J.: 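I have a structure here, written as structure tokens, and I will follow up with some questions on it.
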Amino acid sequence: MDRRPAEMRMRRSGRDPRAFPARLAEWLATVLPPGSANPAVVVHDGADANGLSSETLFLDVTWTENGRHRTGRFVARVAPAPEDVPVFPEYALQDQYDAIRLVGELTDVPVPPVRWMEPTGEVIGSPFFLMDRVEGVVPPDVLPYNFGGNWLFDASPEEQRRLQDLTVETIAKLHAIHDASSTFGFLTPREGTEGDSLLARNLARTRAWYDFATTDLGRSPLVERGLAWLTANVPETRETVLSWGDSRIGNILYRDFAPVAVLDWEMAAIGPRELDVSWMIFAHQVFESITTVMAMPGMPHFLREEDAKATYEKLTGVALGDLRWYHVYNGVRWCIVFMRTGARQIHFGEIERPGDIETLMHSRPLLARLLDEVGA
């Protein structure tokens with residue numbers, strides 16, 4: 001039984017998945033290997049303790065293949081319907097599919113094998129793709145893992161450090177992919193004028209995302225303060241890697257505190273390696289800032305910046321410099337995420353529309369402090 005308060009079980013879709021099995025079975029009959037027949041689908045509830053953007057459905061599929069009974073356990077990643085207040089302006093599912101596929105082919109980074117892509121939206125109302133279901137546990141977002149009462153919080157310091165170091169190693173392996181800007185060229189941000197740096201183009205995409213978020217809630221002085229400082233202080237960087245984008249522990253399945261599946265590739269891009277390292281650290285700092293406000297112990301010893309950077313340098317030979325610009329950048333992006341998830345909760349009647357939209361931003365105190373520190 002899910003004992004979390006109702007306000008902590010965030011709804012992502014207005015669609016009824018009970019209508020999906022027959023449609024999915026009919027579609028699977030067209031994509032399963034030759035000699036396959038009679039697919040049947042059982043749809044289970046998606047995960048609601050992690051992941052705030054795409055819909056996730058768990059599928060059990062049975063079929064016959066050349067006269068033999070077959071079974072498969074899959075996960076469907078589904079682009080949200082426009083009326084369900086999506087987090088992002090667009091969901092390039094084909095790009096996500098291709099990124100996961102290429103990472104699986106080029107590295108030993110654990111990603112779920114991707115199976116089939118349905119790009120039209122004609123089967124269940126939105127595009128989706130299927131990937132194999134991987135068994136593992138994930139540090140929860142809702143309620144956050146550092147609130148206590150879960151497997152990671154209750155683990156020993158050595159087990160927590162093992163998870164931390166192996167997560168940094170996973171990011172380092174992604175960054176080691178040769179010539180990522182060519183191999184993953186489809187992820188290159190298109191915003192920005194000719195001649196802009198790649199980092200400036202990533203920032204332009206974030207600014208466009210913020211403009212999209214304001215259509216439901218209005219504008220945020222804090223986010224605009226952050227965007228102004230970021231624009232005026234874009235660091236020079238020439239090295240580019242595959243940036244996973246949403247590189248936090250809540251997007252990884254673990255077994256024995258080791259990653260077994262790297263998930264959620266909506267924010268993947270080409271950019272400097274600091275983007276991923278900062279996002280991993282900052283995501284934990286967001287949760288830590290919440291526990292501080294609530295006078296909870298949290299996990300202050302976990303994912304400390306100095307430790308993560310030292311491990312990354314040991315693994316890659318690359319010493320990362322000052323991450324403050326990237327922390328502010330990721331602080332802005334976290335605020336935009338909370339704007340969109342807050343707007344969606346309002347849409348589904350889970351919360352009342354606040355008088356101050358910035359109260360939706362759980363990262364607000366952290367970003368405000370960072371901006372004060374950099375003199376913005």
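Bear in mind that the values here come from a model prediction, so they are computed numbers and not experimental data.
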J.: Show your reasoning for whether salt bridge (Lys or Arg N to Asp or Glu O under 4.0 Å) applies to D256 and R162.
T.: CA-CA 9 Å; D256 190 27; R162 169 177 164 82; 3.6 Å; yes
J.: Output yes when a side-chain donor or acceptor of S126 lies under 3.5 Å from a complementary backbone atom of A79, and no otherwise.
T.: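 Side chain of S126 to backbone of A79: a pair is present.
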J.: Any side-chain donor paired with an acceptor under 3.5 Å for T62 and R70?
T.: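 Short answer, no.
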J.: What distance do N330 atom CG and L230 atom CG have between them, rounded to the nearest 0.5 Å?
T.: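 N330 CG to L230 CG: 9.5 Å, rounded to 0.5 Å.
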J.: Measuring only between side-chain heavy atoms, which start at C-beta, is R73 closer than 4.5 Å to E135?
T.: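 Side-chain contact under 4.5 Å: yes.
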J.: So, do I177 and V109 sit near enough that their side-chain heavy atoms are less than 4.5 Å apart?
T.: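 SC-SC contact between I177 and V109 ruled out.
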J.: Side chains of E305 and H327: do they bring a donor and an acceptor to under 3.5 Å?
T.: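 Per modelled atom types, E305 and H327 side chains form a pair under 3.5 Å.
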J.: I'd like to know whether F287 forms a side chain to side chain contact (heavy atoms under 4.5 Å, CB included) with D141, so could you lay out the CA-CA distance, the side-chain angles of the two residues, the decisive distance to 0.1 Å, and finally the verdict.
T.: CA-CA 9 Å; F287 288 161; D141 292 339; 4.0 Å; yes
J.: Using the rule that Ile, Leu, Val, Met, Phe, Trp and Tyr join whenever any side-chain heavy atoms are under 4.5 Å apart, tell me whether L203 and F212 fall into a single cluster.
T.: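 Per the 4.5 Å side-chain linkage, L203 and F212 are co-clustered.
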J.: Checking side chain to side chain contact (heavy atoms under 4.5 Å, CB included) against M294, which of T291, I290, T292 comes through?
T.: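 Result: among T291, I290, T292, I290 is the only option passing the side chain to side chain contact (heavy atoms under 4.5 Å, CB included) with M294.
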J.: Do L93 and M117 come close enough that some side-chain heavy atom pair is under 4.5 Å?
T.: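 L93 vs M117: side chains touch.
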J.: Starting from L57, can I reach V42 by hopping between I/L/V/M/F/W/Y residues whose side chains sit under 4.5 Å apart?
T.: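 Unlinked, V42 and L57 end up in two clusters.
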J.: What's the separation between atom CH2 in W116 and atom CH2 in W27, rounded to the nearest 0.5 Å?
T.: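 Atom-to-atom, W116:CH2 and W27:CH2 are 7.0 Å apart.
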J.: Can you list every pair that meets salt bridge (Lys or Arg N to Asp or Glu O under 4.0 Å) and has a residue in residues 269-296, with sequence neighbours left out?
T.: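 Output for this query lists E239-R273.
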J.: Ignoring hydrogens and angles, tell me if any N or O in the side chain of R333 forms a donor-acceptor pair with the backbone of T206 under 3.5 Å.
T.: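 Checking the backbone N and O of T206 against the side chain of R333, no donor-acceptor pair under 3.5 Å is found.
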J.: Under a 4.5 Å cut-off applied to non-hydrogen side-chain atoms, are F338 and I357 in contact?
T.: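 When only atoms from C-beta onward are counted, I357 and F338 do not touch, as no gap falls below 4.5 Å.
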J.: For F282, does its backbone N or O pair with a side-chain atom of R248 as donor and acceptor, under 3.5 Å?
T.: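 Here the side-chain-to-backbone pair does not exist.
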J.: Using 30° and 60° as the class boundaries, would you call the ring planes of H284 and Y145 parallel, tilted or perpendicular?
T.: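 H284 and Y145: parallel rings.
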J.: State whether the side chain of W151 and the backbone N or O of V138 hold a donor-acceptor pair below 3.5 Å, judged by distance alone.
T.: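 Between the backbone of V138 and the side chain of W151 there is a qualifying donor-acceptor contact (under 3.5 Å).
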J.: Measure the OG1-CG distance between T183 and D98 for me, rounded to the nearest 0.5 Å.
T.: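 That separation rounds to 12.0 Å.
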J.: For residues 165-186, which residue pairs pass the salt bridge (Lys or Arg N to Asp or Glu O under 4.0 Å) check, not counting sequence neighbours?
T.: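 Applying salt bridge (Lys or Arg N to Asp or Glu O under 4.0 Å) to every pair that reaches into residues 165-186, excluding sequence neighbours, yields D108-K173, R161-D165.
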J.: For atom NE2 of H178, is the number of surrounding heavy atoms from other residues, nucleotides or ligands below 6.0 Å larger than 12?
T.: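 No, not enclosed.
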J.: Without swapping roles, check the side chain of R340 against the backbone of P86 for a donor-acceptor pair under 3.5 Å.
T.: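 Here the side-chain-to-backbone pair exists.
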J.: Determine the minimum heavy-atom distance between I249 and F302, stating which atoms define it.
T.: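 Looks like CD1-CE2, 3.7 Å.
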J.: Answer whether the closest heavy-atom distance between the side chains of V75 and F58 falls below 4.5 Å.
T.: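 When only atoms from C-beta onward are counted, F58 and V75 do touch, with a gap below 4.5 Å.
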J.: Over all heavy atoms of both residues, which pair between I351 and L360 is shortest? Give the atoms and the distance, please.
T.: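 Closest pair (atom of I351, atom of L360, distance): CD1-CD2, 3.7 Å.
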J.: Look at the side-chain heavy atoms of Ile, Leu, Val, Met, Phe, Trp and Tyr, link any pair under 4.5 Å apart, and say whether L275 and V241 land in one connected group.
T.: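 L275 and V241: separate clusters.
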J.: For S278 and Y329, which I'm curious about, is there any donor-acceptor pair between the side chains at under 3.5 Å?
T.: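 Y329 and S278 do not have a side-chain donor-acceptor pair below 3.5 Å.
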J.: Is a side-chain donor-acceptor pair under 3.5 Å present for Y210 with E224?
T.: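 Per modelled atom types, E224 and Y210 side chains form a pair under 3.5 Å.
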J.: CD of E26: more than 12 outside heavy atoms within 6.0 angstrom?
T.: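 It does not: E26 CD has 12 such atoms or fewer within range.
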J.: Give the C-alpha distance, both sets of side-chain angles, the deciding distance and a yes or no for salt bridge (Lys or Arg N to Asp or Glu O under 4.0 Å) between R324 and E373.
T.: CA-CA 9 Å; R324 283 182 297 179; E373 290 176 358; over 6 Å; no
J.: Of all heavy-atom pairs between P112 and L263, which one has the smallest distance, and what is that distance?
T.: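 Residues P112 and L263, closest heavy atoms: CG-CD2, 3.6 Å.
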J.: Go through the steps for L367 and V328 under the test side chain to side chain contact (heavy atoms under 4.5 Å, CB included), then give the verdict.
T.: CA-CA 7 Å; L367 178 59; V328 172; 4.2 Å; yes
J.: Roughly how far, to the nearest 0.5 Å, is the CG atom of L217 from the CD1 atom of I336?
T.: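 I336 atom CD1 to L217 atom CG measures 12.0 Å (nearest 0.5 Å).
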J.: If you measure from the Lys or Arg side-chain nitrogens to the Asp or Glu carboxylate oxygens, is any gap between D84 and R344 under 4.0 Å?
T.: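 No, no charged N to carboxylate O under 4.0 Å.
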J.: Is any side-chain heavy atom of Y91 closer than 4.5 Å to one of P80?
T.: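 The answer is yes, as the side chains (C-beta and beyond) meet within the 4.5 Å cut-off.
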J.: Going only through I, L, V, M, F, W and Y residues with side-chain contacts under 4.5 Å, is there a path from W244 to L166?
T.: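 No; tracing contacts between hydrophobic side chains, which count when under 4.5 Å, never links both residues.
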J.: Please report the C-alpha distance between R207 and T231 in whole Å, then the side-chain angles of each, then the deciding distance to 0.1 Å, and finally whether the side chain to side chain contact (heavy atoms under 4.5 Å, CB included) criterion is met.
T.: CA-CA 10 Å; R207 187 180 298 108; T231 302; 2.6 Å; yes
J.: Kindly indicate, with the supporting measurements, whether the criterion side chain to side chain contact (heavy atoms under 4.5 Å, CB included) is fulfilled by I100 and R77.
T.: CA-CA 12 Å; I100 297 170; R77 292 288 285 177; over 6 Å; no
J.: Is there a side-chain contact between V260 and Y254, using heavy atoms and a 4.5 Å cut-off?
T.: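 A side-chain contact is absent here, since even the closest heavy-atom pair is not under 4.5 Å.
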J.: Mark yes or no for whether E118, through its side chain, and G121, through its backbone, hold a donor-acceptor pair below 3.5 Å.
T.: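 Such a contact is found between E118 side chain and G121 backbone.
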J.: Is the backbone N or O of V262 less than 3.5 Å from a side-chain atom of W265, with the two atoms forming a donor-acceptor pair by type?
T.: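 Present.
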J.: Is it true that the side chains of D246 and W279 contain a donor and an acceptor less than 3.5 Å apart?
T.: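 A donor-acceptor contact under 3.5 Å links the two side chains.
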J.: To the nearest 0.5 Å, what is the distance between CZ on F257 and CG on L152?
T.: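 Output value for this atom pair is 7.0 Å.
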J.: Please report the closest heavy-atom contact between G298 and P300, naming both atoms and the distance.
T.: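 Reported closest heavy-atom pair: C-CD, 3.5 Å.
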J.: Quick check for you: to the nearest 0.5 Å, what is the distance between S289 atom OG and H362 atom NE2?
T.: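 Rounded to the nearest 0.5 Å, the OG-NE2 separation comes to 10.0 Å.
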J.: Should we say atom CD of E352 is surrounded by more than 12 heavy atoms from elsewhere, each under 6.0 Å from it?
T.: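 Incorrect, the count does not exceed 12.
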J.: Tell me if a side-chain donor or acceptor on T214 pairs with a main-chain N or O of R219 at a distance below 3.5 Å.
T.: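 Side chain of T214 to backbone of R219, a donor-acceptor pair under 3.5 Å: no, none is there.
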J.: Would you say the side chain of T240 lies within less than 4.5 Å of the side chain of F184, judging by non-hydrogen atoms?
T.: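 SC-SC contact between F184 and T240 ruled out.
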J.: Of all the heavy-atom pairs spanning V234 and A200, show the shortest one and how long it is.
T.: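 Between these two residues, the closest heavy atoms are CG1-N, 4.3 Å.
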J.: Per the salt bridge (Lys or Arg N to Asp or Glu O under 4.0 Å) rule, what does the pair list look like for residues 225-238, sequence neighbours excluded?
T.: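 Sorted pair list: R225-D372.
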J.: Tell me whether N202 contacts the main-chain N or O of I270 through its side chain, where contact means a donor paired with an acceptor under 3.5 Å.
T.: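 Confirmed, N202 side chain pairs with I270 backbone.
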J.: Of the non-hydrogen atoms in G321 and K309, which two are nearest, and what is the gap between them?
T.: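 Looks like O-NZ, 2.9 Å.
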J.: Out of curiosity, does V85 fall in the hydrophobic cluster containing V87 (side-chain heavy atoms, cut-off under 4.5 Å, transitive links)?
T.: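 Result: no, two separate clusters.
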